[in-house]
**Q** 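One structure, pasted below without further comment.
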Amino acid sequence: MTTTDPVANLAALIRCPSVTPAEGGALSLLDTLLSPLGFAVERVMATEAGTPDVENLYARLGTEGPHLMFAGHTDVVPVGDEAAWSHPPFSADIAGGEMYGRGAVDMKGGIACAVAAVLDHLGQHGGQPKGSISFLITGDEEGIAVNGTPKLLKWTAERGEKFDHCILAEPSNQDELGDTIKIGRRGSLNGHLIVTGTQGHVAYPQRADNPIRALVTLITALQADPLDKGSAQFAPSHLEFTSVDVGNKTVNLIPGEARARFNIRFNDHHTLDSLKKLIEQRAAKAAGGKIKFTFQWEPSNAGVFVTKPGPFTDLVAAAVAEVTGRKPALSTTGGTSDARFITHHCPVVEFGLVGQTMHAVDERVPVAHLRALTTIYRKIIDRYFA
Ligand SMILES: [Zn+2]
């Protein structure tokens with residue numbers, strides 16, 4: 001196959017049925033593309049009790065800096081209702097100028113383009129970068145993501161690998177190729193608020209203490225004031241209650257306990273710890289010593305992060321603008337991604353395809369987008385090593 005052709009690369013990748021946690025032949029394919037070019041390819045099996053083993057891949061060419069890493073995942077979500085697809089989900093059929101298949105945009109397409117761009121750059125520069133290029137590819141992003149990027153980064157750190165910059169090839173664009181580069185994400189924190197009262201007969205409320213009333217007071221208080229006003233790169237933090245539970249199956253019983261669950265998407269005014277403290281303080285103030293409550297916080301590895309705009313984001317944005325004619329927004333919106341792990345090792349931006357059909361039936365990508373994204377990556381690489 002022509003490895004500088006992103007369309008051929010993507011077709012081959014889509015035909016690997018790599019639904020998490022199956023490798024499906026996708027990493028082997030990358031191995032066969034990169035090894036002949038001199039990349040040192042390592043297949044890293046990650047294990048954790050109670051979870052399926054997952055294979056990951058790390059491939060590096062060069063030993064010097066600067067070191068540009070392309071990151072991504074070859075695992076895909078299940079196809080859902082296969083009969084609803086107009087082309088089989090692992091066929092890579094092209095129709096109407098679009099290639100169909102699970103993973104077309106999320107995110108085998110991004111990987112296919114990055115591989116094509118890197119190989120094209122190497123072909124024009126005597127097979128060696130003026131520094132190092134690596135691929136950090138996981139097979140566990142769409143699942144619970146414990147055997148993917150975090151373990152692979154730990155493995156590279158133990159080997160003394162150092163990265164200068166990373167491009168995560170996730171589908172970052174909203175509507176048009178070139179509209180969005182993601183430079184960070186809000187953090188995410190899940191909590192439970194538990195109010196304790198005194199259980200009793202509904203006909204004798206004076207002998208009981210209904211925790212529902214107190215829970216309503218605290219819920220109202222926690223939603224009353226904004227958590228902040230937003231920051232240079234982020235929208236205001238937001239707390240949303242997602243469930244209120246008493247679990248009372250009886251009509252004549254005042255319950256002894258009431259619970260509410262909530263999620264907070266937070267910006268760089270907070271850390272996980274400072275945010276917990278803030279919520280606990282606001283609840284304590286509203287309780288005024290009259291309500292018995294506790295918080296239970298779920299463990300979170302989704303802290304807030306941002307790659308501050310600077311020469312690297314400028315370089316990426318300029319390449320995007322040249323190829324697409326669009327000035328990309330530097331965004332911190334959306335759900336979490338593996339960038340939250342990579343940010344602890346080097347500055348990371350996310351730029352890939354348009355995300356509209358990701359995880360959907362008939363996931364597909366315009367062939368023209370594959371060619372344009374490859375050109376964008378190629379320009380980024382050329383300038384990075386100029
Ligand atoms: Zn993805």
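Not measured: the values here are computed from a predicted model.
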**Q** As a quick check of understanding, evaluate side chain to side chain donor-acceptor pair (under 3.5 Å) for Thr242 and Asn263, giving each step before the final call.
**A** CA-CA 7 Å; Thr242 53; Asn263 175 270; over 6 Å; no
**Q** Suppose we screen for ring-ring contact (aromatic ring centres under 6.0 Å, His included). Which residues come up paired with His192, at least two apart in sequence or across chains?
**A**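 Partners of His192 by the ring-ring contact (aromatic ring centres under 6.0 Å, His included) criterion come out as none, since no residue qualifies.
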**Q** Residues two or more places apart in sequence or in another chain: which of them pass salt bridge (charged side-chain N to carboxylate O under 4.0 Å, His left out) with Glu42?
**A**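 Glu42 satisfies salt bridge (charged side-chain N to carboxylate O under 4.0 Å, His left out) with Arg159 only.
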**Q** Anything under 3.5 Å between a donor and an acceptor, one on a side chain of residues 203-218, the other on a protein residue two or more places apart or in another chain? List them.
**A**
unit_1	atom_1	unit_2	atom_2	d
Asn210	OD1	Ile212	N	2.9
Thr217	OG1	Arg213	O	3.1

**Q** Starting at CG of Leu152, measure out to CD of Glu161 and round the result to the nearest 0.5 Å.
**A**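 Reported to 0.5 Å precision, the distance equals 10.0 Å.
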**Q** Cut-off 3.5 Å, no hydrogens considered: what does the side-chain donor-acceptor table look like for residues 26-39, sequence neighbours left out?
**A**
unit_1	atom_1	unit_2	atom_2	d
Ser28	OG	Arg43	NH2	2.9
Asp31	OD1	Ser35	OG	2.6
Asp31	OD2	Arg43	NH1	3.0
Thr32	OG1	Ser28	O	3.4
Thr32	OG1	Leu29	O	2.7
Ser35	OG	Asp31	O	3.0

**Q** Please assess Glu350 against Lys182 for the test salt bridge (Lys or Arg N to Asp or Glu O under 4.0 Å), listing each intermediate value before the final yes or no.
**A** CA-CA 5 Å; Glu350 291 173 64; Lys182 294 208 166 156; over 6 Å; no
**Q** Cut-off 3.5 Å, side chains only: do His269 and Ser237 have a donor facing an acceptor?
**A**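 The criterion, which ignores hydrogens and geometry beyond distance, is not satisfied for Ser237 and His269.
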**Q** What I'd like to find out is whether the side chain of Phe234 reaches to under 4.5 Å of the side chain of Arg186, using heavy atoms alone.
**A**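 Phe234 vs Arg186: side chains touch.
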**Q** Measuring from Thr333:OG1 to Gln233:CD, what's the distance to the nearest 0.5 Å?
**A**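 These two atoms lie 13.0 Å from each other.
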**Q** Look at the aromatic rings of Phe163 and His345 and report parallel, tilted or perpendicular, splitting at 30° and 60°.
**A**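 Rings of Phe163 and His345: perpendicular, over 60°.
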**Q** Are the charged groups of Glu48 and Lys151 less than 4.0 angstrom apart, N to O?
**A**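 Lys151 and Glu48: salt-bridged.
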**Q** Please enumerate all residues that pass ring-ring contact (aromatic ring centres under 6.0 Å, His included) together with Phe341, with sequence neighbours excluded.
**A**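 Once residues adjacent in sequence are excluded, Phe341 has no partner under the ring-ring contact (aromatic ring centres under 6.0 Å, His included) criterion.
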**Q** Measure the spacing between CG of Asp164 and OG of Ser132 and express it to the nearest 0.5 Å.
**A**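 Nearest 0.5 Å value for the CG-OG distance: 8.5 Å.
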**Q** Using side chain to side chain donor-acceptor pair (under 3.5 Å) as the criterion, list what pairs up with Asp268, not counting sequence neighbours.
**A**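 Asp268 satisfies side chain to side chain donor-acceptor pair (under 3.5 Å) with Ser231 once adjacent residues are dropped.
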**Q** Classify the side-chain pair His87/Asp362 by whether it contains a donor and acceptor separated by less than 3.5 Å.
**A**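 Absent: no donor and acceptor within the cut-off.
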**Q** Salt bridge (charged side-chain N to carboxylate O under 4.0 Å, His left out) with Glu141: which residues, sequence neighbours excluded?
**A**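 Glu141 satisfies salt bridge (charged side-chain N to carboxylate O under 4.0 Å, His left out) with no residue once adjacent residues are dropped.
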**Q** Take Thr357 and Arg364, measure what side chain to side chain donor-acceptor pair (under 3.5 Å) needs, and give me the verdict at the end.
**A** CA-CA 6 Å; Thr357 61; Arg364 61 194 183 278; 5.3 Å; no
**Q** Between the side chains of Thr51 and Asn147, is a donor N or O closer than 3.5 angstrom to an acceptor N or O?
**A**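 Yes, a side-chain donor-acceptor pair sits under 3.5 Å.
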**Q** Once ring-ring contact (aromatic ring centres under 6.0 Å, His included) is applied, do any residues pair with His165, and if so which ones, sequence neighbours excluded?
**A**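 Testing His165 for ring-ring contact (aromatic ring centres under 6.0 Å, His included), a comparison that skips the adjacent residues, returns Phe312, Tyr384.
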**Q** Holding to ring-ring contact (aromatic ring centres under 6.0 Å, His included), I want the full list of residues that pass it with Phe351, two or more places apart in sequence or in another chain.
**A**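 For Phe351 there are no ring-ring contact (aromatic ring centres under 6.0 Å, His included) partners, ignoring immediate neighbours.
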**Q** Asp75 vs Thr138, test: side chain to side chain donor-acceptor pair (under 3.5 Å). Steps then yes/no.
**A** CA-CA 7 Å; Asp75 62 321; Thr138 167; 5.4 Å; no
**Q** Name all pairs fulfilling the side chain to side chain donor-acceptor pair (under 3.5 Å) condition that reach into residues 281-297, sequence neighbours left out, sorted by first residue then second.
**A**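 Of all non-adjacent pairs touching residues 281-297, those that pass side chain to side chain donor-acceptor pair (under 3.5 Å) are Glu280-Trp297.
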**Q** If the condition is salt bridge (charged side-chain N to carboxylate O under 4.0 Å, His left out), which residues does Arg378 pass it with, not counting sequence neighbours?
**A**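 Once residues adjacent in sequence are excluded, the partners of Arg378 under the salt bridge (charged side-chain N to carboxylate O under 4.0 Å, His left out) criterion are Asp120, Asp382.
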**Q** Are any non-hydrogen side-chain atoms of Phe135 and Tyr58 less than 4.5 angstrom apart?
**A**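 Result no, sub-4.5 Å side-chain heavy-atom pair not found.
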**Q** Going by heavy atoms in the side chains, are Ile14 and Leu10 under 4.5 Å from each other?
**A**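 Answer yes - side chains close enough.
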**Q** If only side-chain N and O atoms count, and only distance matters, is there a donor-acceptor pair under 3.5 Å linking Thr47 with Asp53?
**A**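 No.
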**Q** Can the ring centres of Phe70 and Tyr377 be said to be less than 6.0 Å apart?
**A**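 Yes.
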**Q** Quick one: which residue pairs count as a side chain to side chain donor-acceptor pair (under 3.5 Å) with a foot in residues 104-117, not counting sequence neighbours?
**A**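 Applying side chain to side chain donor-acceptor pair (under 3.5 Å) to every pair that reaches into residues 104-117, excluding sequence neighbours, yields Ser18-Lys108, His73-Asp106, Asp106-His359.
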